[in-house]
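Only one structure is covered here, and it is reproduced in the block below.
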Amino acid sequence: MSNQTEAEAGLVARTEPIASFDQQLTLVSRIQHALHSNPALVPLIVLLLSVAVFGALLGTKFFSSFALTLILQQVAIVGIVGAAQSLVILTAGIDLSVGAIMVLSSVIMGQFTFRLGLPPALAVACGLAVGTFIGFVNGWLVARVRLPPFIVTLGMWQIALAANFLYSGNETIRAQEIEAHAPLLQFFGRSFTIGGAVFTYGVIFFIVLVLVLAYVLRHTAWGRHVYAVGDDPEAAALSGVNTRRILISVYTLTGLICAFAGWVLIGRIGSVSPTSGQSANIESITAVVIGGISLFGGRGSILGMFFGALIVGVFSLGLRLLGADAQWTYLLIGALIIGAVAVDQWIRKVSA
Amino acid sequence: MSNQTEAEAGLVARTEPIASFDQQLTLVSRIQHALHSNPALVPLIVLLLSVAVFGALLGTKFFSSFALTLILQQVAIVGIVGAAQSLVILTAGIDLSVGAIMVLSSVIMGQFTFRLGLPPALAVACGLAVGTFIGFVNGWLVARVRLPPFIVTLGMWQIALAANFLYSGNETIRAQEIEAHAPLLQFFGRSFTIGGAVFTYGVIFFIVLVLVLAYVLRHTAWGRHVYAVGDDPEAAALSGVNTRRILISVYTLTGLICAFAGWVLIGRIGSVSPTSGQSANIESITAVVIGGISLFGGRGSILGMFFGALIVGVFSLGLRLLGADAQWTYLLIGALIIGAVAVDQWIRKVSA
Amino acid sequence: QDVTACLITKTDTNPFFVKMKEGAEAKAAELGVTLKSFAGRIDGDHETQVAAIETCIADGASGILIAASDTSAIVQSVQQARDAGLVVIALDTPLTPIDAADATFATDNFLAGELIGKWAAGKLGDEAANAKIAMLNLGISQPTVDVLRNQGFLQGFGIELGDPNKWGDETDPRIVGHDVTDGNEEGGRRAMENLLAKDPTINVVHTINEPSAAGAYEALKSFGRENDVLIVSVDGGCPGVANVKEGVIGATSQQYPLQMAALGVEAIRAWADTGAKPEPTPGKDFFDTGVALVTDEPVEGVESIDSDEGAALCWG
Amino acid sequence: MQAILSARGLDKRYGRVTALDNCDFDLMPGEILAVIGDNGAGKSSLIKVLSGAIIPDSGEVFLDGRKVNFSSPIDARLAGVETVYQTLAMSPALSIADNMFMGRELRKPGFLGSVLRQLDRAAMERIARDKLSDLGLTTIQNINQAVETLSGGQRQGVAVARAAAFGSKVIILDEPTAALGVKESRRVLDLIQDVRGRGIPIILISHNMPHVFEVADRIHVHRLGRRLCVIDPKDYTMSDAVAFMTGAKAPPDIAASAA
Amino acid sequence: MQAILSARGLDKRYGRVTALDNCDFDLMPGEILAVIGDNGAGKSSLIKVLSGAIIPDSGEVFLDGRKVNFSSPIDARLAGVETVYQTLAMSPALSIADNMFMGRELRKPGFLGSVLRQLDRAAMERIARDKLSDLGLTTIQNINQAVETLSGGQRQGVAVARAAAFGSKVIILDEPTAALGVKESRRVLDLIQDVRGRGIPIILISHNMPHVFEVADRIHVHRLGRRLCVIDPKDYTMSDAVAFMTGAKAPPDIAASAA
Ligand SMILES: Nc1ncnc2c1ncn2[C@@H]1O[C@H](COP(=O)(O)OP(=O)(O)OP(=O)(O)O)[C@@H](O)[C@H]1O
Ligand SMILES: Nc1ncnc2c1ncn2[C@@H]1O[C@H](COP(=O)(O)OP(=O)(O)OP(=O)(O)O)[C@@H](O)[C@H]1O
Ligand SMILES: [Mg+2]
Ligand SMILES: [Mg+2]
């Protein structure tokens with residue numbers, strides 16, 4: 001009998017039970033557990049804190065349903081683009097072309113209606129198709145040609161933006177004209193009011209989009225695969241995930257969502273302007289990162305991005321209402337971004 | 001006697017030689033080996049190809065020592081900032097504040113000389129010190145407070161840029177004034193000519209900086225540690241690298257290099273202007289990524305960044321000389337960035 | 001009573017708008033008006049301006065002074081503000097349509113361009129027929145000021161325009177090329193280098209503003225061409241006027257942002273007190289705050305002031 | 001008898017390093033084939049080719065006698081070949097259950113599953129826990145733990161449980177017990193024999209000679225990137241096997257025991 | 001006799017998971033102490049505390065009788081404690097030589113080294129190759145290969161060679177032979193005995209009972225996050241040891257053999 005098998009003699013009388021999973025559940029440990037299993041809670045806490053602080057400083061000017069829903073309107077576009085950005089960043093990529101896709105799609109919706117004379121619904125469909133197609137090209141280059149996402153989308157950003165200026169001839173289509181001839185383009189700008197709170201359809205779209213994506217990422221196989229690809233692409237491929245298909249679908253979906261953002265944008269500003277959306281890239285990435293999604297992929301939740309976008313919105317409106325001038329606002333927002341994430345980090349640490 | 005030890009009986013008569021490392025060295029395998037051990041060779045090839053193509057299309061207009069050194073002058077600042085950016089990206093970080101540090105430092109050099117009346121040398125020293133200090137704060141926040149580099153430098157970007165505008169009061173100091181009273185500030189703008197080729201001191205600084213950093217990264221312990229930290233920070237810490245010290249030193253050095261870039265900037269534009277350098281972030285990151293340095297850290301060489309910066313410079317000037325208008329140039333550069341990296345990827349693949 | 005006014009500029013990094021803000025602040029302090037100022041991040045960033053308008057409405061301001069980044073895109077928000085009872089005054093850049101604002105205090109940017117175009121043509125005399133012109137513009141998104149100054153210059157110089165709503169579609173062989181500068185020294189130098197590499201015989205340079213002119217001058221200097229090229233520009237800031245005096249810039253069209261801002265604040269005060277709206281300049285659909293050509297080498301047929309006079313009126 | 005999985009003339013080079021050098025391979029139906037060899041002999045490279053994880057520079061792979069071209073592990077899995085890689089191939093940030101069902105998630109029955117495509121987490125967690133208990137991995141305290149928080153051995157146990165649960169035609173195990181304790185190793189060996197009992201052939205790479213000689217029907221000795229010989233554990237001693245694989249002894253004629 | 005490295009009352013929790021639960025530890029001068037226990041028992045967590053890689057929630061560590069607070073592995077290394085972690089702790093993209101000398105690089109003599117701080121690559125590569133040859137890792141074809149391109153076993157060999165080359169006071173090995181072949185494992189065991197011969201005590205974590213019983217002077221049995229008992233391999237059989245660690249048998253009085 002071999003030694004190793006000899007050693008196994010000690011196993012004969014084994015009587016281990018299945019490990020039991022119950023434990024004392026104190027309040028603190030419950031909170032800790034909640035924070036661990038819902039990473040979006042931390043940015044939510046930061047958000048509530050900042051609303052409270054500005055509310056205390058500004059009173060009802062800020063703490064009214066009107067002002068609070070105004071923040072929602074102001075962040076809706078960055079938030080929609082941020083939702084798309086979240087998907088890409090979860091796969092350990094980055095999409096610098098989101099802003100350009102958004103503007104180009106909105107320009108196509110407008111120009112196809114007014115220059116080519118297409119029915120608005122068809123023009124909108126064309127805009128959505130173009131956005132989706134650009135997203136698909138991004139995905140194809142990333143997944144098939146294996147180029148770094150940063151480079152692919154940087155190049156696509158320039159291409160889409162230049163195409164946008166070239167095609168539109170730098171012309172803005174005025175709100176009055178759209179209102180008169182193609183109100184469908186402004187669909188997402190319509191709003192309804194519930195006791196002082198103003199909700200535009202764009203805001204509703206934003207919220208629904210985030211909820212749907214949160215559901216998909218958490219409760220479907222595709223969602224788990226997105227996380228797996230971002231976490232360790234090699235391991236994901238070895239364990240049976242079609243990483244290419246996932247990447248292509250993520251970028252394509254991102255393109256579609258950005259095209260929708262373009263439509264929402266028309267609703268928000270009323271007109272179709274080729275110079276919109278220039279800071280959508282950096283702002284969407286900021287929302288994603290403040291929301292606790294790791295730029296290295298595979299970690300974080302899209303609800304976090306939602307709260308992250310709102311945090312920036314609260315700071316911006318709050319500081320403006322406090323009367324800080326623009327440069328001071330930028331300076332303070334810079335400091336607050338660092339501060340918000342430091343608080344986030346600290347909460348995670350003490351709750352570990 | 002145990003089975004495992006029994007198995008080892010087979011070892012008694014072992015006679016393995018030390019593995020020998022010699023091999024047939026064909027031309028192809030030599031090239032392959034060169035490409036593998038010098039990752040910067042691939043962007044160099046892309047660079048030479050693009051110079052050749054534009055040279056063929058444009059003849060001596062492009063292929064003159066004058067035009068080629070003009071490209072060097074045009075990329076020097078992005079290149080210097082890119083060298084700093086490379087260090088940070090090698091540690092798997094990213095520095096969005098490089099442009100802001102550069103401008104703020106140049107503004108301090110100018111304003112301290114002209115508003116506070118300090119001797120130019122002292123003002124320059126102050127500018128360098130401020131840049132270094134901002135870098136140190138970035139590093140401290142990243143290494144000690146463990147905040148994500150993206151967030152830290154995003155915040156710092158806004159802070160430094162706003163500070164720059166607030167402090168300078170958006171005032172430009174004119175070239176003529178600097179020339180008359182503080183020519184030291186324009187030091188890097190001086191130039192000498194060797195047979196049609198024009199070299200500014202700024203260009204020389206850029207080249208020397210890249211060579212020194214290439215040496216340091218390859219041949220000193222600090223350089224190896226930078227790679228190790230970017231590769232796998234946990235493994236680096238476990239195997240005895242002081243990751244915090246490395247991170248802080250990298251960001252601090254980055255701040256110093258950006259401050260130098262600010263000084264070179266004064267030399268290039270003659271004046272001190274708070275609105276310069278706004279695109280330095282994205283351009284420096286582009287150069288780094290085209291140069292083959294991985295955004296995930298730990299892989300790539302700073303010489304690659306050098307060639308990456310030149311590739312962009314060659315494309316920009318080449319396209320302008322071909323007569324593309326500004327919008328088309330912008331579009332084509334986007335396409336060419338993707339193309340350059342695709343060629344790079346392809347060379348790596350066939351040489352694998 | 002308490003009057004709050006908002007000032008929304010395109011950016012607050014361009015000295016032009018910084019001075020506009022200073023002018024507004026000074027006037028506001030004099031009239032007892034609380035002034036809050038906002039700005040876009042970059043030229044063309046009209047979304048931040050929309051957010052700023054919304055903030056002003058939420059803040060209960062009496063009026064808004066705005067230099068619009070996109071003259072059409074902003075109109076719907078402006079309408080919202082007017083519906084909420086605020087008076088909206090466009091500064092520097094008229095809205096499209098111009099009556100979307102209650103009033104407009106602006107420079108005629110096309111005229112500003114035209115003045116320097118005429119001056120350059122006059123200065124070259126017969127040589128104007130063989131000129132080699134470099135056009136250094138603002139950005140590829142072609143903001144309206146950029147287009148107006150560019151097209152104004154070409155018209156003034158006597159070049160046939162293509163579509164007057166965009167630059168870059170003219171076919172006149174005298175134009176060597178267009179490039180973009182982002183309105184700063186660095187971009188000015190790079191753009192000038194690019195165009196000089198394309199054609200080293202350039203002898204006229206149109207620049208979108210004075211910082212880009214200073215950058216272009218550095219490039220010319222490095223090519224050894226600084227003395228035989230005409231640089232013209234628009235703005236009339238103090239560094240620019242000083243550059244005219246020293247011969248760096250041949251001529252510049254001077255605008256008056258301080259005046260625009262001061263007039264704007266006065267108008268809001270008046271509106272809050274009496275409900276009266278300001279009247280436009282007779283014969284124009286806006287209140288023209290004027291533009292003057294500053295040069296030390298006057299040319300027959302183009303009215304101008306010299307650099308000393310310009311320095312007395314300059315704004316930053 | 002026809003081999004169920006075989007390969008001929010596989011080559012794989014990485015730059016200057018040769019991992020596979022004209023390598024052949026045969027797995028017979030229903031057998032446990034052990035693959036032994038020095039560190040770096042190319043065993044992992046061999047099974048990566050067989051499972052579609054790497055594409056060889058040249059050579060052919062046959063499944064059930066038909067030539068196959070696996071271009072990814074998914075192809076191999078769809079063909080019924082399940083593999084535990086030496087690096088384990090798990091997504092560190094995802095939970096144990098997520099990892100076990102990666103690529104073949106269970107959906108809820110009815111509308112929720114078919115239309116909303118909702119995952120049946122409860123079922124997946126239950127099955128995952130059962131499979132782990134089968135392997136005696138009772139120290140895992142929380143089935144929703146991220147894999148990165150597991151101990152080295154626990155992680156390996158999860159990977160083995162995954163392959164055993166889903167393999168239908170061939171199961172490949174690359175050093176499945178390397179990090180496992182005595183108890184858990186024993187369970188894995190028992191499991192391997194169970195699986196063979198179900199008629200599924202197994203490729204087992206291991207450095208543990210007693211384990212190899214206990215369970216293997218045939219032993220493929222790998223040396224310097226190729227099959228050196230195939231021996232029957234009943235005909236040779238462990239010491240012979242080690243002598244072959246280290247090159248201390250000349251191998252027997254390959255045909256002798258290649259079935 | 002005083003313990004060279006010891007610990008009292010160590011606790012470490014990860015969220016809901018308890019890794020160490022009031023754990024004690026003692027290593028005597030010049031001995032080889034084996035640590036055995038089930039997967040997930042907390043062995044790796046224990047040695048991570050001892051080597052400064054994690055900071056315990058509570059409890060104390062003593063080196064040579066003096067309380068120490070290692071806040072990082074560097075502190076421990078400076079104090080002469082060298083560790084091979086189960087995850088190996090190597091930088092994948094760097095070369096073998098770079099990894100072996102990480103944090104204690106050799107510089108060229110003279111001006112090049114002292115002023116230009118240039119590394120002496122030739123010397124580092126030579127030494128690295130020698131150390132690997134000592135372990136019989138002769139299949140490594142290129143000393144400048146990136147570690148990520150090594151086979152699992154080769155990688156482990158490099159980590160062990162690194163610790164053996166530099167440990168001066170205590171060497172900790174967490175499953176050093178898990179991925180190694182027969183030959184390489186034997187070399188590592190020989191090496192362990194060599195090192196002990198130089199008077200340096202060793203902590204050896206292993207699941208391989210024959211190895212443990214061959215080289216260990218004492219065996220620390222770890223169970224559910226704490227030291228269950230310490231036994232002398234001469235007094236107990238392997239089967240006893242396994243019975244203790246799986247809980248099948250009650251442990252002897254801890255004091256009995258705790259030196
Ligand atoms: N991606 C790669 N790049 C370069 N060389 C590689 C790569 N993968 C494997 N190798 C080399 O190929 C050879 C065979 O490696 P392989 O992993 O197949 O060995 P193995 O027999 O599984 O060893 P072990 O028993 O240690 O796991 C080794 O010398 C290794 O260094
Ligand atoms: N970072 C972590 N987060 C959460 N749980 C952890 C973490 N590290 C270890 N654990 C848990 O602590 C327990 C002890 O782990 P440890 O790695 O010390 O076990 P081990 O005895 O070394 O096991 P093995 O023999 O398998 O290596 C395990 O249940 C593991 O899941
Ligand atoms: Mg292997
Ligand atoms: Mg362990």
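Per chain, numbering begins at 1; letters A, B, ... match sequence-line order.
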So which bits of residues 298-307 of chain A come within less than 4.5 Å of chain D, counting non-hydrogen atoms only?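 Under the 4.5 Å heavy-atom cut-off, Gly298(A), Arg299(A) qualify.
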Select all residues of residues 230-238 of chain A having any heavy atom within less than 4.5 Å of some heavy atom of chain D, and report them by number, or 'none'. Asp231(A), Asp232(A), Ala235(A), Ala237(A), Leu238(A)
Does [atom1] in [X] sit with more than 12 non-hydrogen atoms of other residues, nucleotides or ligands closer than 6.0 Å?
X         : atom1 : answer
Phe166(D) : CZ    : yes
Lys131(D) : NZ    : no
Arg245(A) : CZ    : no

Applying salt bridge (charged side-chain N to carboxylate O under 4.0 Å, His left out), which residue pairs with at least one partner in residues 77-99 of chain D are found, sequence neighbours left out? Arg224(A)-Asp98(D), Glu82(D)-Arg104(D), Asp98(D)-Arg121(D)
State which residues pass side chain to side chain contact (heavy atoms under 4.5 Å, CB included) with Ser239(A); sequence neighbours excluded, sorted by chain then number.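 Scan of Ser239(A) (side chain to side chain contact (heavy atoms under 4.5 Å, CB included), adjacent residues dropped) gives Met102(D), Arg162(D).
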Go through Gly52(D), Pro92(D), Gly103(D) and name the one with the most non-hydrogen pairs under 4.5 angstrom from chain A.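 Top option by heavy-atom pairs under 4.5 Å: Pro92(D).
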Quick one: closest heavy-atom pair of Leu112(D) and Tyr215(A), and the distance? O-OH, 4.4 Å
Can you tell me which residue among Lys108(D), Gln118(D), Arg117(D) is in a side chain to side chain contact (heavy atoms under 4.5 Å, CB included) with His219(A)?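 Running side chain to side chain contact (heavy atoms under 4.5 Å, CB included) over Lys108(D), Gln118(D), Arg117(D) with His219(A) returns exactly one hit, Gln118(D).
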Under 4.5 Å from a heavy atom of chain A, the part of Leu116(D) involved: both
